[in-house]
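Worksheet: the structure to be examined is printed underneath.
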Amino acid sequence: MDTCTLEANSVCRQEVFSEIFQKHFKALRNFLSYQFGNTEEVADTAQEAFATLWQNCSKVTFDTATGYVYKVAYNKSLKLKSHQKVVLAYEQQAVGKSENIESPEFLLEEKQFKEKLLTAIASLNEPQRVAFLMHRIDKMKYAEIASVLGISVKAVEKRISQALTTLKDEFKKEQAVKLI
Amino acid sequence: MDKETLLARLLEGDLSEAEKKKLEEDEDHDLYQKIAAYSQQLVVPDATEEQRILSDILSSSKAEARIIPFYKKSWFKVAASVLLVLTTGIAYLIHGDTRVISKAGSNINLHLPDQSEVTLSPNSGLAFNRSTWPFNRKLELSGEAYFSVEKGSLFTVHTSTGDVKVLGTKFNVDNRNGELKVECFEGRVEVSRGSASAIITAGQMATINGNGLNLESVYKAEPSWTRSSLIFRSVQLAGVIKEIEKNYQIKIDHTVGDDTVNKDFTGVMPSDNLNVAINIIEKAFSVKCTKISDQQYRLEH
């Protein structure tokens, strides 16, 4: 007699689907934002990708669900406008920490550095920017990034280190101008 | 180890002591560290409520609407111009006529002139007279439709197998396969053919066919085909199972005894995904399902 209950990790179980959603929705939406900007269309595309996963839950396994939802999102993203700017921000720092009592000069310098960093990131080419932000913002490991982008881990390392080098050069450019 | 890998490791935060020393020799080391530290604090600002999106997805439904006014069909334009020439009286009546026809595979939702709502199932059609509607709420139906009728004067649905009359209510009329099946979800509905008639209320279904007029009980709160869902409001296990059996064409043996049978269920389950529907029943009634064959299932504790 075979059991007709859903397997413990079937994607059609609400708790399993919810787990996949909580874990990957934000990262998927961010991933689309890095390429197409933080628009409503991007948020809708991410939502549609997960809705498609839910509708086809019986055709996907727990392990392949993430890859599936990224693939669906990619197909839907073909109709989005590319080269849109993504807007980033810094997370609010906790106030009142004793080690945060710094001089006004330091705070000003820090503010300028953070602003400059945003501009520098916007100047990265798309492959570098996407890989870099997936690592810094979504905290994805190199292996995960490689899997989503469909490239090797070595290729991911290359893109990210090139991003870091380009950013460093952007800062040095400004410093060189200041010295003159 | 080349510089590329060193930098990649720096961001990952897993440099060995020797590798750290090597990087410290680089003149830009401090700058790399600073970039790594601050980029760590970046976020994508977002106002979306993830929980709302998740619950929207889990309870999704679809609806479409398309109306083909009778007078848009080209052959009617020819006929209309001829009739206008003949008499203005007849032209007045035909000018108001509206015919709606649905294709295979999709529903059509529409509002009648008094804001009553109709959902036409695929391959169905209805016709009514827009201008005389305020005086006489009468329409013709072939196929199947779900009606939500505004309270008011008598509302009549005429089919080739019989008539349905209501004052203000929610009901489903199914006139396919030579039968007339009317399910009432709210209010009172009179179903008649010739001299035979019956008045049904919420939770009842009347069937008129070659064998006459029959009544039975229904447990859904709405027809399952208007959205792809079975909707239940405070229904006991036996009722839920009966609807699932009907919808999926299976038999479920459920002799669980004890007070599980009396437990009330209010919720939504898909009408096109048996696995998910069973999962929901298992959770709601604390039972386990076993498959005996493709058409036979059993529920027990």
Side-chain angles (χ1 to χ4, degrees), chain A residues 1-6 10 12-14 17-18 21-22 25-26 29-30 33-34 38 43 46-47 50-51 53-55 57-58 86-91 93 110 113-114 117-118 120-121 132-133 135-139 141-142 154 156-158 160-165 167-169 171-172 175, chain B residues 2-12 26-29 31-32 34-48 50-60 228 250 252 270 272-280 282-283 287-294 296-299:
Chain A
M1 229 182 286
D2 33 315
T3 175
C4 63
T5 53
L6 291 172
S10 161
C12 290
R13 284 185 175 269
Q14 286 199 359
F17 179 84
S18 299
F21 181 87
Q22 318 279 20
F25 177 75
K26 199 165 190 167
R29 201 213 55 211
N30 287 356
S33 306
Y34 304 150
N38 342 34
Q47 179 170 354
F50 275 91
L53 173 65
W54 179 240
Q55 278 159 25
C57 61
S58 50
V86 62
V87 175
L88 302 173
Y90 290 93
E91 61 191 358
Q93 294 292 287
E110 186 185 60
F113 185 91
K114 285 160 90 164
L117 181 57
L118 289 183
I121 289 176
F132 183 74
L133 293 178
H135 190 265
R136 305 320 287 159
I137 296 182
D138 305 306
K139 321 294 184 210
K141 301 260 177 263
Y142 290 148
K154 200 85 192 79
V156 174
E157 287 181 350
K158 186 168 180 176
I160 289 191
S161 61
Q162 279 176 350
L164 190 52
T165 307
L167 293 173
K168 179 260 299 176
D169 288 339
F171 278 98
K172 287 191 89 169
Q175 279 176 9
Chain B
D2 61 11
K3 185 145 183 209
E4 239 167 44
T5 322
L6 270 182
L7 290 179
R9 288 285 186 83
L10 168 69
L11 284 183
E12 190 82 321
D26 190 308
E27 57 166 351
D28 300 315
H29 172 255
L31 200 38
Y32 288 131
K34 221 171 159 184
I35 293 172
Y38 284 110
S39 63
Q40 183 102 314
Q41 298 170 19
L42 287 169
V43 290
V44 178
D46 115 74
T48 55
E50 280 185 32
Q51 267 314 111
R52 183 191 58 78
I53 292 179
L54 177 60
S55 48
D56 276 352
I57 291 176
L58 291 176
S59 57
S60 51
S228 308
I250 57 174
I252 301 180
D272 54 4
N273 192 327
L274 178 57
N275 276 334
V276 177
I278 288 183
N279 188 220
I280 293 175
E282 285 180 319
K283 281 213 137 62
V287 290
K288 200 162 155 33
C289 172
T290 327
K291 184 172 175 172
I292 301 176
S293 74
D294 265 348
Q296 190 92 5
Y297 294 77
R298 176 185 304 154
L299 290 179

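Every chain is numbered from 1 and lettered A, B, ... according to where its sequence line falls, protein lines coming before strand lines.
Side-chain atoms of B:T5 and B:D2 form a donor-acceptor pair, as typed in the model, at a separation below 3.5 Å.
Chain A forms the most heavy-atom pairs under 4.5 Å with one residue out of B:E12, B:E50, B:Q51, and that residue is B:E12. Highest contact tally toward chain B, considering only A:K139, A:Q14, A:H135, is held by A:H135 [criterion: heavy-atom pairs under 4.5 Å]. Per-residue heavy-atom pair counts under 4.5 Å with chain B were compared for A:I160, A:L117, A:I121, and the maximum is reached by A:L117. Comparing B:L7, B:L31, B:V43, B:L274 by how many heavy-atom pairs each has under 4.5 Å with chain A, the most go to B:V43. The choice from A:F50, A:Y142, A:F17 that makes the most heavy-atom pairs within less than 4.5 Å of chain B is A:Y142.
Residues forming a salt bridge (charged side-chain N to carboxylate O under 4.0 Å, His left out) with B:E4 (at least two apart in sequence, or on another chain): none. Partners of A:K168 under the salt bridge (charged side-chain N to carboxylate O under 4.0 Å, His left out) rule, at least two apart in sequence or in another chain, are B:D28.
Of the charged side-chain nitrogens involved, at least one lies within less than 4.0 Å of a carboxylate oxygen, so that A:E157 and A:K154 count as a salt-bridged pair.
For A:A89, the parts sitting under 4.5 Å from any heavy atom of chain B are the backbone and the side chain alike. The contact between B:K34 and chain A is made by backbone and side chain atoms together, counting heavy-atom distances below 4.5 Å. Contacts between B:Q296 and chain A at a heavy-atom distance below 4.5 Å are absent for every atom of the residue.
A distance of 6.0 Å or more separates the ring centres of A:F132 and A:Y34.
A distance-only check finds no donor-acceptor pair linking the side chain of B:Y38 to the backbone of A:F113 [under 3.5 Å].
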